[in-house]
2 protein chains.
Amino acid sequence: MESALDELIAQIPEGSEGMVVTDPDILASYRHDRAFDPSAGTPLAVVRPRNTEDVQATLRWATKHKIAVVPRGMGTGLSGGATALDGAIVLTTEKMRDITVDPVTRTAVVQPGLLNAEVKKAVAEHGLWYPPDPSSFEICSIGGNVATNAGGLCCVKYGVTTDYVLGLQVVLADGTAVRLGGPRLKDVAGLPLTKLFVGSEGTLGVVTEVTLKLLPAQHSACTVVATFDSVEAAANAVVTITGRIRPSMLEFMDSAAINAVEDKLRMGLDRSAAAMMVAASDDRGPSGAADAEFMAQAFTDHGAREVFSTSDPEEGEAFVAARRFAIPAVEAKGSLLLEDVGVPLPALADLVSGVAKIAADHDLMISVIAHAGDGNTHPLIVYDPADAAMTERAHRAFGEIMDLAVGLGGTITGEHGVGRLKRPWLAGQLGPEAMELNRRIKAALDPDNILNPGAAI
Amino acid sequence: MESALDELIAQIPEGSEGMVVTDPDILASYRHDRAFDPSAGTPLAVVRPRNTEDVQATLRWATKHKIAVVPRGMGTGLSGGATALDGAIVLTTEKMRDITVDPVTRTAVVQPGLLNAEVKKAVAEHGLWYPPDPSSFEICSIGGNVATNAGGLCCVKYGVTTDYVLGLQVVLADGTAVRLGGPRLKDVAGLPLTKLFVGSEGTLGVVTEVTLKLLPAQHSACTVVATFDSVEAAANAVVTITGRIRPSMLEFMDSAAINAVEDKLRMGLDRSAAAMMVAASDDRGPSGAADAEFMAQAFTDHGAREVFSTSDPEEGEAFVAARRFAIPAVEAKGSLLLEDVGVPLPALADLVSGVAKIAADHDLMISVIAHAGDGNTHPLIVYDPADAAMTERAHRAFGEIMDLAVGLGGTITGEHGVGRLKRPWLAGQLGPEAMELNRRIKAALDPDNILNPGAAI
């Protein structure tokens, strides 16, 4: 393998020296993403390309030597899509960080390594907005967002990553660089291949450039917070709201999440509530206020014990921050297995109560937070990895929650991806015909199975 | 072939008698779509399936006998995607017309033969809205919309067909029925194959069921109409507007279109204007009014000769109707070659002036209407098919307009599809690598090239 690596180093275009890293300490730091899969391997090398040509050289070489390549953004994935494999290359796009904003076409051309938050900041300087906002937006890369078709809080109104990707440059397994789409708001020439790569989790190619559609800056939001005696009441309010208006946020926290956040932030949340909703409308002026009033009324009608509305952005942001803080707050209770199951909206209450039953069955704490307006939930399974029996129960619950979601007509993953952790459950959701179709596409684009083998499909 | 057809008829599930049609008059009526390609062939038979099983039987049989299948919605396509081939089957989905609306999940499950307008109507009864609105919405089918990823007037704010397709049932070339996606607002399990089929123009499979995402009913719009002395001024106003707000419509008509509409409707349009814009905002109440005011000011700032605003829905609708009527009005001047080129927004003025030059070069009338906010234009080339020299000039102009668009960083088709008419220009836009990728996907899904051969890719 030494000589194969030497060959790769020799092929690297000038100016990219130091791109191939074999230092054992560095290799160790690229074994895991945030799924912390204990079965992670140790890569042969970490490759840090600066540009498309570097990625091409790496994949050409990998195909020649039949060496697997695990593409990696910032390693914040929660499904193990970037878990390293023994003897593989981890190709990290972290050094590819250029951005060019075109305020006239309202697009940005971005390299994959830039953080989501950096994209938001760069476009905001032009009065523009890139909506998708995963909770991890300050630490996750736009390339990783494209790989998983990441969502977030504002998606209930503004859609997910794929809705903002107008074009891609992608390097295929054999090193061919392909441009798909571009800065055109409507374009139906040829098969919709741009869309095929968004959410393909690094299994079909390595994205080296993304053309993003941007929106005019978002208006400030009116925020409504409500607490409930029951999860069902909160879930029913969600359906009432989404049937009538388009909130810009409709988030759910259960009792465990409320208490975990309150433990940390001491902001006076109602610890005795079974559920809390954080909702917002970013419609301008009186329309946003009317939406807020409608949502407050819907919460009241569904038996909310307390409803609080504010048009003060800072006050509203405090509640959104509380919701965003739920994952780290629950994580303070132990290690997390972070679920990402989704269901059609009417099944939301059944999903949450089913998760509570699974928690009881396995004597586990499972806190549920949710992008409720999308039916996308994140049950957070708390466990102690030093406790083997508890770890096993946690993993059993992890699978049972996916089975529950699929049984309710839902999905095993709404926005995190299948990665390696959820792969055993994929066929149960898709069925044999769709699985076969996935395999056919994969085989057509990556016949040697070089790209992220064992992930996603 | 008789015996092969007999075999097909014998295989048809009970209840679908009369599905296979060979009456020569009927066959003749299925030779063309609205591209009226003179090179259209005569099909072996027209097949009118009632359900997914009928489609499966047809495709299984076609694969066995290596007989091409041309899928067809309502035959309103403008790029010849449903032009019949000699000896092929035309598979029309016109009999598949069921719809089930679920107001709670805000989705509808629709068979492909239902008209776009019928979908809108059925969901409106539940206070819901299906946004995509091609100008042909009263006569085009939802299956055809999915096949071409159809757009329309409201897409500038609300996106195109693919943004509303949550799930599909698709029958592959070999007769396998596959379910992709479903009524889940966020779902990233497996490759994003639902998206791969939207816009694939019947080359990868036959869509037999569509799960659509719906929105709450649209608010009534404020409409702003403005006339200009120059096309450039109108195009520049578009860029000013889209950089700041999100209009729900931003439509352009050139002088020829204005005059053609005025000839027919006598509504007092300014015949001497070089361009007319019809813009709208559907933001509620004061926000919509503020948008309208902003657009009116932008038009004025860019030198509009006349600006008219109204919040009266009927008055606004009259101008939208005038814009929608532009194609039939120009068609009254002669036969049309209907273009569908798009460019990044800043190139809009160059595209329109380039088209005017092509018209002058070839001594043709070419009227330009545009979904200006998307950079998507429809140059309407008027010609007399009885005049061979003129027909040749028209076809030359048709190609030159596509070359012009591609030269400006644009696309040969924004929303109509490549079909058969535009296929010779596809490689010029996509380049060899993307073309090869298109072919690989096609070969993986339809190795015998049974499905719509010669169309799209």
Side-chain angles (χ1 to χ4, degrees), chain A residues 103-106 148-149 151 155 160 163 176 178-180 183-193 195-196 198-200 216 239 242-246 283-287 342 344-346 374-376 410-415 417-418 426 429-431 433-434 437-438 440-441 444-445 457, chain B residues 103-106 148-149 151 155 160 163 176 178-180 183-193 195-196 198-200 216 239 242-246 283-287 342 344-346 374-376 410-415 417-418 426 429-431 433-434 437-438 440-441 444-445 457:
Chain A
V104 179
T105 57
R106 237 174 53 205
T148 55
N149 189 16
C155 301
V160 293
D163 299 315
T176 308
V178 185
R179 284 200 173 276
L180 302 169
R184 298 171 289 271
L185 298 175
K186 272 162 149 183
D187 184 358
V188 296
L191 295 173
L193 297 182
K195 296 283 188 193
L196 178 61
V198 182
S200 63
V239 173
T242 59
R244 274 283 299 283
I245 66 164
R246 300 186 71 199
D283 270 19
R284 265 176 304 171
S287 307
L345 276 186
D374 290 321
N376 179 205
T411 177
I412 61 171
T413 175
E415 57 182 9
V418 174
L426 184 63
Q429 178 182 336
L430 298 191
E433 295 84 8
L437 199 55
N438 273 273
R440 274 210 244 175
I441 299 287
L445 266 62
I457 52 176
Chain B
V104 179
T105 58
R106 238 175 51 207
T148 55
N149 189 15
C155 301
V160 293
D163 299 316
T176 308
V178 186
R179 286 201 172 274
L180 302 169
R184 298 171 288 271
L185 299 174
K186 273 162 148 182
D187 184 358
V188 296
L191 296 174
L193 297 182
K195 296 281 187 195
L196 177 62
V198 182
S200 63
V239 173
T242 57
R244 274 283 299 283
I245 66 165
R246 302 186 71 198
D283 271 19
R284 265 177 303 172
S287 307
L345 276 186
D374 290 320
N376 180 204
T411 177
I412 61 172
T413 175
E415 57 182 9
V418 173
L426 184 62
Q429 177 182 336
L430 297 190
E433 294 84 7
L437 200 54
N438 273 272
R440 274 210 243 175
I441 299 288
L445 266 61
I457 54 174

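The structure displayed is predicted, hence computed values, not measured ones. Chain naming here is simple, since letters A, B, ... match the order of the sequence lines and numbering starts at 1 in each.
- Going from atom CG of A:Leu437 over to atom OG1 of B:Thr176 covers 9.0 Å, rounded to the nearest 0.5 Å.
- When A:Pro183, A:Gly342, A:Pro346, A:Gly243 are compared by the number of non-hydrogen pairs under 4.5 Å with chain B, A:Pro346 comes out ahead.
- Under a 3.5 Å cut-off, the side chain of B:Asn438 and the backbone N or O of A:Leu191 do form a donor-acceptor pair.
- Contact detail for B:Arg106 and A:Ile245: the closest heavy-atom pair is NH1-O, 4.2 Å.
- Taken to the nearest 0.5 Å, the CD atom of A:Glu415 stands 12.0 Å off from the CG atom of B:Leu185.
- Heavy atoms from other residues, nucleotides or ligands lying under 6.0 Å from CZ of B:Arg440 number more than 12.
- With a threshold of 4.5 angstrom between heavy atoms, A:Asn376 approaches chain B through side-chain atoms but not through N, CA, C or O.
- No other option in B:Ala434, B:Gly410, B:Gly417 has as many heavy-atom pairs under 4.5 Å with chain A as B:Gly410.
- In this view, B:Asp187 and B:Arg184 satisfy the salt bridge (charged side-chain N to carboxylate O under 4.0 Å, His left out) rule, not counting sequence neighbours.
- Highest contact tally toward chain B, considering only A:Leu345, A:Thr148, A:Val178, A:Val160, is held by A:Val178 [criterion: heavy-atom pairs under 4.5 Å].
- Proximity to chain B (any heavy atom under 4.5 Å) is shown, for A:Pro344, by both the backbone and the side chain.
- Take B:Arg179 and apply the salt bridge (charged side-chain N to carboxylate O under 4.0 Å, His left out) test, not counting sequence neighbours, and it matches B:Glu209.
- Between A:Lys186 and B:Cys155 the shortest heavy-atom distance is CE-CB, 3.9 Å.
- Most heavy-atom pairs under 4.5 Å with chain A: of the set B:Thr411, B:Leu445, B:Val188, this distinction falls to B:Val188.
- In terms of heavy-atom pairs under 4.5 angstrom with chain B, the leader among A:Thr242, A:Val418, A:Leu180 is A:Thr242.
- Contact annotation: the side chain of A:Ile441 approaches that of B:Ile441 to within less than 4.5 Å [non-hydrogen atoms, C-beta and beyond].
- Only the side chain of B:Leu426 comes within contact range of chain A, with at least one heavy atom under 4.5 Å from a heavy atom of that chain.
- With rounding to the nearest 0.5 Å, the separation of CG in A:Leu193 from CD1 in B:Ile457 is 8.5 Å.
- Most heavy-atom pairs under 4.5 Å with chain A, from the set B:Asp374, B:Asn149, B:Thr105: that is B:Asp374.
- The candidate from A:Arg284, A:Gln429, A:Glu433, A:Lys195 with the greatest count of non-hydrogen atom pairs under 4.5 Å with chain B is A:Arg284.
- Here the shortest heavy-atom pairing between A:Ile412 and B:Ala189 reads CG1-CB, 4.1 Å.
- Proximity to chain B (any heavy atom under 4.5 Å) is restricted, for A:Asp283, to the side chain, taken from C-beta onward.
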